[in-house]
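Here is how names work: the chains are called A, B, and so on, in the same order as the sequence lines, proteins then strands, and each is numbered from 1.
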There are 2 protein chains.
Amino acid sequence: MTFETERPATKPKSRRASGRPTLSDVANLAGVGSITVSRALRDPSRVSAELRERIDAAVKQLGYVLNPNARALASVRSDVIGVLIPSMTNNVFADVLRGIHDGLGASTMQIQFGNTHYSADEEERLLRVFLGQHPSALIVSGIDQSPGARELLENAGCPVVQIMEVGDDPVDMMIGFSHRDGGNAVTRHLIGTGRRRIAFIGARMDPRSRRRLAGYSEAMREAGLFDDCLVTTTPQPSSATLGSELFTQALSRVPDIDGVVCNNDDLALGVLFACHRHGVEVPGRVGIAGFNDHEMMAAAFPSITSIRTPRYEIGRRAVVMALAAIAGAPVSERVLDLGFELKIRESTAPSVE
Amino acid sequence: MTFETERPATKPKSRRASGRPTLSDVANLAGVGSITVSRALRDPSRVSAELRERIDAAVKQLGYVLNPNARALASVRSDVIGVLIPSMTNNVFADVLRGIHDGLGASTMQIQFGNTHYSADEEERLLRVFLGQHPSALIVSGIDQSPGARELLENAGCPVVQIMEVGDDPVDMMIGFSHRDGGNAVTRHLIGTGRRRIAFIGARMDPRSRRRLAGYSEAMREAGLFDDCLVTTTPQPSSATLGSELFTQALSRVPDIDGVVCNNDDLALGVLFACHRHGVEVPGRVGIAGFNDHEMMAAAFPSITSIRTPRYEIGRRAVVMALAAIAGAPVSERVLDLGFELKIRESTAPSVE
DNA sequence: AGCCGATTTGGTAGCGCTACCATTTCTTTA
DNA sequence: TAAAGAAATGGTAGCGCTACCAAATCGGCT
């Protein structure tokens, strides 16, 4: 089972040897044509049971592994699904990636993945690189591609799934939820607990963050509670430390804040820690809500209200949709809204003053 | 710049057209041989300035993108670095991955990455799949490969970097730190603050976790403080909720616990939350320490002592080492110990009773 | 001027696989 | 029983690139 460094003397004509058995080695050993071996490997049902067995035995005996490069070259299609995500630090995308891997199941597809760092230019560049490999499908984050990226996707010649958000204008398929509605729902909930001076704290402020903010603003305006000075945002990447800082800033500007809608869970934890540190009672004086509902929200003390987003499920189903489209199955629904769930916890219990 | 769906009538002999320009299309346009274009693209210094310019212009005009599959097939080497990590949920590996991507810099290498789910069998399977692509290098996590995986790595025929840990017996190169020493250092620190009944809480208990525990045990034994009933572990994956649960268990078994060494930061946060919930003073009655030092440790209240591990740097330098080895540079050091740093914070301030 | 080596360029033959057809063998039906 | 159709198998010619060698070009030196 060890790989030889040199080809045996029987095959001296080959100038460059990879040193590994090829399809025709398997075919010779099994006594069939190489194309038959290729078929047996790709779709066993297309060869007779007897040959299938002989071929399997030969494959095992030689320790044969298919060369995906040669396959991709010959079939003008590689078994690669390209995935573009904007960040690796953000553990939202760790969940999505986990879903993607699990959605693959027994498929032999490989995931090739790229990090756009929240940059549309970088997304376009990576898209070109990926397209060079003739991927079987592409999964991209968000719905705000640059015009150039949009054009590349429309001419990609393979299924494309946009994930994390839903919108009216899918390139091909789309799966996610409405960030605006999420921001709206959590804000309404805080308003419903009797709070009035509800702040919004946001970091990074990518398109999805901005839509959450829009949902917050809408709810506040509807209730006649909107006030510019309640909103604190920064382009910096989000962190718990930043959450503490932004909250401290907000509080010094608006001392009578009685609620905080955070753009994500890291910030919410930072706000909670800042409250602990400064003796601000939660939920007594200030109610706190996060976004995404990471595991830690339920464990925190007090446990933190959050919008549970279907991150894992988005990843998993994006791949399932892509695989179905690759297999040529008709697409029933182009846009799939997986929704979200408002998880109400201790941090937003009604204030009883 | 749009890609045609059908080849022009001048080339009807080609049965299957990828619809995209090829090297020889570029060569024809530039009026040179295709091999010269290949050279100009791979190593511009090997063609004259004039040709280089003509070729660059042709590439741009046609929107040419190199086909990596054809290149890999012809050169028996793909521009892929395979990365095997045990988990995607764990944000330790998110940092490593980020470092890996950044370490790539301007290189055209692609990262192909696989998730072993902490299973040696799965690692071996993925290794076979990866090796089928003739990767330029492999990066694997840990030093506890199965004998089969070890053999595959030794015969991989490409640079191999083992990351996260250091040991005596590298397959090729190795970069990480000593988990045992880390566990030892944080335990000694807690002992140094005057605590005596220091518990260990561990989840997952993969090889690295077990070495941290070994470091804890060693320090406790040295101080004559080791007690079996102080150690609580579970094979379950780690989480803050689990940290709360395990601490509650430990406390009911050993009510006079005055310190907790946690296997990682999630557990430590869970312990902190449980203390808040049950009114256990931190650090007054119980000192808490984590492992890895995620950003949140500094933001928490009280801020949590932790071992800062060079996760990002491990990823970045692993790739730099791999790229150097691919380029044929002599390897100066096979084993690189990046160490760790004990970050002392509020959660382990000396108890003053 | 003539020769030698270094440098730049090109031709050819694959890398290992699959698409496309041709061929053979096995069923089915009038 | 023969013809027609279906199913299983094989041969051949690339997919787009690069390794290997050969050829051409260019100085630098005696």
Side-chain angles (χ1 to χ4, degrees), chain A residues 3 7 11-28 30-55 59 62 64-79 108 131-134 136, chain B residues 3 7 11-28 30-55 59 62 64-79 108 131-134 136:
Chain A
F3 300 138
R7 270 285 170 82
K11 254 192 179 182
K13 52 181 164 181
S14 176
R15 293 175 312 179
R16 292 163 289 153
S18 78
R20 291 195 2 214
T22 71
L23 251 198
S24 56
D25 291 340
V26 175
N28 287 150
V32 298
S34 60
I35 185 66
T36 306
V37 177
S38 171
R39 270 196 284 261
L41 259 39
R42 260 180 308 156
D43 183 3
S45 73
R46 296 207 308 166
V47 293
S48 65
E50 193 222 327
L51 282 195
R52 210 182 310 152
E53 234 165 77
R54 286 226 305 271
I55 290 169
V59 164
L62 291 172
Y64 171 75
V65 181
L66 189 130
N67 182 326
N69 296 120
R71 184 217 278 275
L73 183 58
S75 63
V76 197
R77 177 98 311 166
S78 67
D79 282 356
T108 56
L131 286 171
Q133 302 180 53
H134 299 284
S136 285
Chain B
F3 299 140
R7 270 287 170 81
K11 254 193 178 178
K13 53 181 165 179
S14 176
R15 294 174 312 180
R16 292 163 289 151
S18 78
R20 288 199 359 216
T22 70
L23 249 199
S24 55
D25 292 338
V26 176
N28 288 151
V32 297
S34 61
I35 186 67
T36 306
V37 178
S38 171
R39 269 195 286 258
L41 261 40
R42 261 180 308 155
D43 184 1
S45 72
R46 295 206 309 165
V47 292
S48 65
E50 193 222 326
L51 281 195
R52 211 184 306 151
E53 235 165 76
R54 289 226 307 270
I55 289 169
V59 164
L62 293 172
Y64 171 77
V65 180
L66 190 132
N67 183 325
N69 297 120
R71 183 217 278 273
L73 184 57
S75 63
V76 198
R77 174 99 313 163
S78 66
D79 282 355
T108 57
L131 286 171
Q133 302 180 52
H134 299 285
S136 284

Checklist line | B/S75 side chain, from C-beta outward: closest of D/dC17, D/dA19, C/dA19 | finding: D/dA19
Notebook entry, point to check: Can you tell me how far P of C/dG16 sits from CG of A/L62, to the nearest Å?
Noted result: 14 Å
Checklist line | Under 4.0 angstrom between B/S48 side-chain N/O and C/dT7 OP1 or OP2 | finding: no
Item checked: Net bend of the helix from C/dA1-D/dT30 to C/dA30-D/dT1, end axes of five pairs each, nearest 10 degrees -> 40°
Next item on the list: Round to the nearest Å and state the distance from A/H134 atom NE2 to C/dT18 atom P.
Entry: 16 Å
Item checked: Nearest-angstrom distance from the residue atom CG of A/D43 to C1' of C/dA19 -> 15 Å
Note to self: Which nucleotide wins on minimum distance to the side chain of B/L73, given the candidates C/dC17, D/dG16, D/dG10?
What the structure shows: D/dG16
Item checked: Side chain of A/L23 (C-beta onward), nearest among C/dC17, D/dG16, C/dA19 -> C/dC17
Check: Any side-chain N or O of A/R54 under 4.0 Å from OP1/OP2 of D/dT9?
Finding: no
Next item on the list: Measure the CG-CD1 distance between B/L23 and B/I35 for me, rounded to the nearest 0.5 Å.
Entry: 8.0 Å
Margin query: Which nucleotide wins on minimum distance to the side chain of B/A74, given the candidates C/dT18, D/dC15, D/dC17?
Written below: D/dC17
Checklist line | Side-chain N,O (B/R46) to OP1/OP2 (C/dG10) below 4.0 Å | finding: no
Check: Donor-acceptor pair, B/D25 side chain versus B/T22 backbone, under 3.5 Å?
Finding: yes
Check: Does B/R39 put a side-chain nitrogen or oxygen below 4.0 Å from OP1 or OP2 of C/dT9?
Finding: no
Notebook entry, point to check: Which listed nucleotide (D/dG16, C/dG16, C/dC20) is nearest to the side chain of A/A70?
Noted result: C/dG16
Next item on the list: Only counting residues at least two apart or in another chain, list the ones meeting side chain to side chain donor-acceptor pair (under 3.5 Å) with A/S38.
Entry: A/R42
Checklist line | Closest heavy-atom pair and its distance - A/R71, A/L66 | finding: NE-CD2, 3.6 Å
Notebook entry, point to check: Whole Å only: how far is the CG atom of B/D25 from the C1' atom of D/dC15?
Noted result: 13 Å
Check: Heavy atoms, side chains only, cut-off 4.5 Å: are B/V47 and B/V32 in contact?
Finding: no
Item checked: Listed nucleotide nearest any side-chain atom of B/V47, set C/dT9, D/dA19, C/dT18 -> C/dT9
Notebook entry, point to check: Can you check whether B/Q133's main-chain N or O pairs, donor with acceptor, with B/S78's side chain at less than 3.5 Å?
Noted result: yes
Notebook entry, point to check: Do the side chains of B/Y64 and B/L41 get nearer than 4.5 Å, heavy atoms only?
Noted result: yes
Notebook entry, point to check: In whole angstroms, how far is the C1' atom of D/dG16 from the CG atom of B/L66?
Noted result: 9 Å
Item checked: Euclidean distance, atom CZ of residue A/R42 to atom C1' of D/dT9 [Å, nearest integer] -> 14 Å
Check: Please give, in whole Å, the distance from C/dG16 P to B/L131 CG?
Finding: 16 Å
Notebook entry, point to check: Starting at OH of A/Y64 and ending at C1' of C/dC17, how long is that distance when rounded to a whole Å?
Noted result: 7 Å
Next item on the list: Considering non-hydrogen atoms only, spot the tightest contact between B/R20 and A/L131 and give its length.
Entry: NH1-O, 3.1 Å
Checklist line | Most 5' of A/T36 and B/N67 on DNA chain D, judged by nearest nucleotide | finding: A/T36
Item checked: Closest nucleotide among C/dG11, D/dC17, C/dC17 to the B/I35 side chain -> C/dG11
